[in-house]
Amino acid sequence: MRLEILEDEEAMSRRAAEIIADAIRGKPDLVLGLATGGTPVGTYRELVRLYREGRVDFSRVTTFNLDEYVGLDPRDPRSYHAYMEEHLFRHVNLRPGATHLPDGWAEDLEAECRRYEAAVEAHGGIDLQLLGIGRDGHIGFNEPGAPWERGTRVVRLKPETRQDNARYFGGVVDAVPQRAISMGIRTIMHARRLLLLAAGPHKAEIVQRAIEGPVSRHVPASILQLHPDALVLLDESAASRLTRVRPGAERGRG
Ligand code: PGA
């Protein structure tokens, strides 16, 4: 696992967008794994800027998102379908049909999980997967204790996660769906490259545990320590609890 510490969230977002844009330049038909939440918003903003400046072309890129809530119509503005439209899809030249999210509105959720996993495989797997980290260490919606050997599956969200996401549901925790469809840890670990982002002091403790603590199912993000090509980008505040600089860690240029 490699680590780069950037001065602030904006610098982290710029760096993340550059890494993604470079990957697309190197492989125009990149299969790109995407994340939602507050953290990647700046990365998407930068990618849109690079696209408008003619510095990245999404016309042959395929995307797969990590997760979607169960029970939300994809047209619901609180769905991750809507989030992706708002922050990225509608602004760039991704082909219609080239973007994929699990359908949390599907009647048969188990069949939908199998369909999604098969679609990832049919595209040859994910080349570069973008990840955030929950305060409880989740990646995708794989909460503490999630099995490592599972692919896309229906998951139950922990109270802390629903609390954190209540801001998208009018501040009402009970309005946050209890379940989601998420790529499994296995799906994520099969991606050829992982890029995890974390910014802000509220992420400092879990970042320290994920990076410096033991690899444990209690901290799903700690499994990145076992991935052959994982890069973690942090801003200074998210890195503030790290107690040692690992070999290969680098202060970003910002
Ligand atoms: P956040 O969520 O980016 O909104 O902090 C991260 C996550 O839950 O993966």
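Counting starts at 1 for both ligands and their atoms, in listed order. For the single chain, residues carry numbers from 1 onward in sequence order.
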By ring-ring contact (aromatic ring centres under 6.0 Å, His included) - contacts of Tyr116 (at least two apart): Phe64
Flag, side chain of Glu143 to backbone of Lys158, donor-acceptor distance under 3.5 Å: yes
Aromatic plane relationship, His87 with Tyr83 - under 30° parallel, 30 to 60° tilted, over 60° perpendicular: tilted
Non-neighbouring partners of Arg49 that pass salt bridge (Lys or Arg N to Asp or Glu O under 4.0 Å), sequence neighbours left out: Glu46, Glu53
Side chains of Leu194 and Met189 in contact at under 4.5 Å (non-hydrogen atoms): yes
His81: ring-ring contact (aromatic ring centres under 6.0 Å, His included) partners, not counting sequence neighbours: none
Atom-level proximity to ligand 1, residues with heavy atom under 4.0 Å: Gly37, Gly38, Thr39, Gly132, Ile133, Gly134, His138, Arg167, Lys203
